[in-house]
Visitor: 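A single structure is presented below for examination.
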Amino acid sequence: METAGSSAEKGVAVEYVRHFGREVAALEEAGREAACSHAALVVPSCPGWVVTDLVLHLGFVHRVVARVIGERMQQPPAEGDRSWLGLPSPWRDWLPPGRAPQQSPVPAALLDWFQGGAATLGELFRAADPGERVWTWSADHSVGFWQRMQAIEAAVHRWDAQNAVSAAEPLDAALAVDAVAQTFEVMAPMRRAVAKAPPGQGERFVFRRTDGPQAWAVHFDGDPVLLGSAQGSYDIQISGTASDLALFLWQRDVTGSLEVRGDSSLLSRYFALVPPL
């Protein structure tokens, strides 16, 4: 059994930059649809947020990452002056997310701002060497980390936006498989450390894909997130499409689409062991 993030595959077959471009375009399209409504559309999967908050959040992230890559920063951007975001008042007063007006729809001009930031980041992704060293919040200090992270985050938030306005399309299967692996390699250890999550008591989770061959066994024993063989015993097995597994791990309410065997109380226990941030 190995510690998550130590030697796991990086999903090299996944075309992160292509996925990023497709996902941000689909999110913008959903945002444009939301802008035509007569009131702010709630984002059910992000409690307390309306679509404006979602657009602001991801647009902010894109500009931070674009600055890191564009300037080849080796340290996180300093707090304070955020004029480089290009956010006029009152939009900058709506950060952090959850402060946007709850009565009016997302401003069309804010979607233009989002589109511009996503386009800039996409250009930087295409021009940069994935192995080039830049600051990240993980142990992997590379442009490739951000390509992977932002493709996955864009896909999840695209699902959020579509789910707010109509029916959401599932995540691309290849990207979703990589998102599941990335959760255990990168996100879960980080979330446990930041949130000072309780030590594992030996819980063994198996996540099994129903639309492909992959399965992941995750063991919580003390502080580490341990990965092992999906064969053998488990406390709970959670089965679903790659998209639904990835969305569940990002704490989206797709449990009605999952098949659960074993101790179903561990569904909620997972998010005590891996708290959302």
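Bear in mind that the values here come from a model prediction, so they are computed numbers and not experimental data. Here, residue 1 is the first one in the sequence, and each next residue gets the next number.
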Visitor: Would you call Y234 and D263 a side-chain contact if the rule is heavy atoms closer than 4.5 Å?
Guide: no
Visitor: Backbone N or O of G240 within a donor-acceptor pair of the T210 side chain at under 3.5 Å?
Guide: yes
Visitor: Would you say that more than 12 heavy atoms from the other residues, nucleotides or ligands in this model lie under 6.0 Å from the CD of E203, or not?
Guide: yes
Visitor: When rounded to the nearest 0.5 angstrom, what distance separates CD1 in I152 from CG in D172?
Guide: 11.5 Å
Visitor: Is the terminal nitrogen or CZ of R252 (NZ for Lys, CZ for Arg) located under 6.0 angstrom from the six-membered ring centre of W159 and within 45° of that ring's axis?
Guide: no
Visitor: How long is the span from the CD atom in E185 to the CG atom in D140, to the nearest 0.5 Å?
Guide: 10.0 Å
Visitor: Show the nearest heavy-atom pair for residues A26 and R158, with the distance to one decimal.
Guide: CB-CG, 3.6 Å
Visitor: Hey, is the main chain of M73 close enough, under 3.5 Å, to the side chain of Q75 for a donor-acceptor pair?
Guide: no
Visitor: Test R148 against Q182 for side-chain contact (heavy atoms from CB on, under 4.5 Å), laying out the working first.
Guide: CA-CA 9 Å; R148 187 187 197 192; Q182 194 259 7; 3.6 Å; yes
Visitor: Which word best sums up how the rings of F20 and F125 line up, parallel for under 30°, tilted for 30 to 60°, or perpendicular for over 60°?
Guide: perpendicular
Visitor: Taking the side chain as C-beta and beyond, is there a heavy-atom pair between W216 and L245 under 4.5 Å?
Guide: yes
Visitor: Please determine whether residues I236 and F220 belong to a single hydrophobic cluster, defined as Ile, Leu, Val, Met, Phe, Trp and Tyr linked transitively by side-chain heavy-atom distances below 4.5 Å.
Guide: yes
Visitor: Pick one: which of V274, D235, L273 meets side-chain contact (heavy atoms from CB on, under 4.5 Å) with F205?
Guide: L273
Visitor: Assess the residue pair R72 and I69 against the criterion (side-chain contact (heavy atoms from CB on, under 4.5 Å)); give the C-alpha distance rounded to whole Å, side-chain angles, the decisive distance to 0.1 Å, and a yes or no.
Guide: CA-CA 5 Å; R72 300 304 192 264; I69 294 175; 3.7 Å; yes
Visitor: Are R32 and D112 within salt-bridge range, i.e. N to O under 4.0 Å?
Guide: yes
Visitor: Is any side-chain heavy atom of L87 closer than 4.5 Å to a side-chain heavy atom of L56?
Guide: yes
Visitor: Compute whether any side-chain donor of one residue and acceptor of the other, for S138 and T136, lie under 3.5 angstrom apart.
Guide: yes
Visitor: What's the separation between atom CZ in R261 and atom CD1 in I238, rounded to the nearest 0.5 Å?
Guide: 13.0 Å
Visitor: Going by heavy atoms in the side chains, are W137 and V186 under 4.5 Å from each other?
Guide: yes
Visitor: Between G222 and R192, what is the shortest heavy-atom contact and its length?
Guide: O-NH2, 3.1 Å
Visitor: Return the minimal non-hydrogen interatomic distance between A164 and L41, and the atom names on each side.
Guide: O-CD1, 4.1 Å
Visitor: Check A230 against R208 and note the closest heavy-atom contact, atom names and distance.
Guide: O-NH2, 3.4 Å
Visitor: Are F248 and F271 an aromatic pair, judged by ring center distance below 6.0 Å?
Guide: yes
Visitor: Do V134 and F145 come close enough that some side-chain heavy atom pair is under 4.5 Å?
Guide: no
Visitor: Within this structure, what is the CZ-OG distance for the pair R92 and S83, rounded to the nearest 0.5 Å?
Guide: 9.0 Å
Visitor: Please work out which of the three classes, parallel, tilted or perpendicular, describes the rings of W135 and W146, given edges at 30° and 60°.
Guide: tilted
Visitor: Any chance you could lay out the side-chain contact (heavy atoms from CB on, under 4.5 Å) test for N163 and V43, step after step, and finish with the verdict?
Guide: CA-CA 7 Å; N163 189 48; V43 182; over 6 Å; no
Visitor: Between R99 and L95, is there a donor-acceptor pair closer than 3.5 Å when you use the side chain of the first and the backbone of the second?
Guide: yes
Visitor: For side-chain contact (heavy atoms from CB on, under 4.5 Å), just list the numbers for M190 and L277, CA-CA rounded to whole Å, side-chain angles, deciding distance to a tenth of an Å, and then say yes or no.
Guide: CA-CA 10 Å; M190 180 273 288; L277 298 178; 3.4 Å; yes
Visitor: Please tell me whether W94 and V42 are part of a single hydrophobic cluster in this structure, the criterion being side-chain heavy atoms less than 4.5 Å apart.
Guide: no
Visitor: What residues, two or more places apart in sequence or in another chain, satisfy side-chain contact (heavy atoms from CB on, under 4.5 Å) together with E123?
Guide: R126
Visitor: Is there a side-chain contact between L54 and L58, using heavy atoms and a 4.5 Å cut-off?
Guide: no
Visitor: Measuring from L171:CG to D178:CG, what's the distance to the nearest 0.5 Å?
Guide: 11.0 Å
Visitor: Could you check whether any side-chain heavy atom of H19 comes within less than 4.5 Å of a side-chain heavy atom of Q147, counting everything from C-beta outward?
Guide: no
Visitor: Where is the tightest heavy-atom contact between P275 and A272, given as atom of each residue plus distance?
Guide: CG-O, 3.6 Å
Visitor: Find out if a path of hydrophobic residues (ILVMFWY) with successive side-chain heavy-atom gaps under 4.5 Å connects V206 to V225.
Guide: no
Visitor: Measure the CZ-CG distance between F207 and D244 for me, rounded to the nearest 0.5 Å.
Guide: 13.0 Å
Visitor: Q150 and E153: side-chain donor and acceptor closer than 3.5 Å?
Guide: yes
Visitor: Would you call the rings of H157 and H57 parallel, tilted or perpendicular, where under 30° means parallel and over 60° means perpendicular?
Guide: perpendicular
Visitor: Do T52 and W91 make a side-chain contact, defined as non-hydrogen atoms from C-beta onward lying under 4.5 Å apart?
Guide: no
Visitor: Quick check against the 3.5 Å criterion: does R63 have a side-chain atom that pairs as donor or acceptor with the backbone of L85?
Guide: yes
Visitor: Minimum heavy-atom separation for A100 and V50, please, with both atom names.
Guide: CB-CG2, 4.1 Å
Visitor: Would you check if there is a donor-acceptor pair between the side chains of T241 and D211 at a distance under 3.5 Å?
Guide: no
Visitor: Using 30° and 60° as the class boundaries, would you call the ring planes of H62 and F114 parallel, tilted or perpendicular?
Guide: tilted
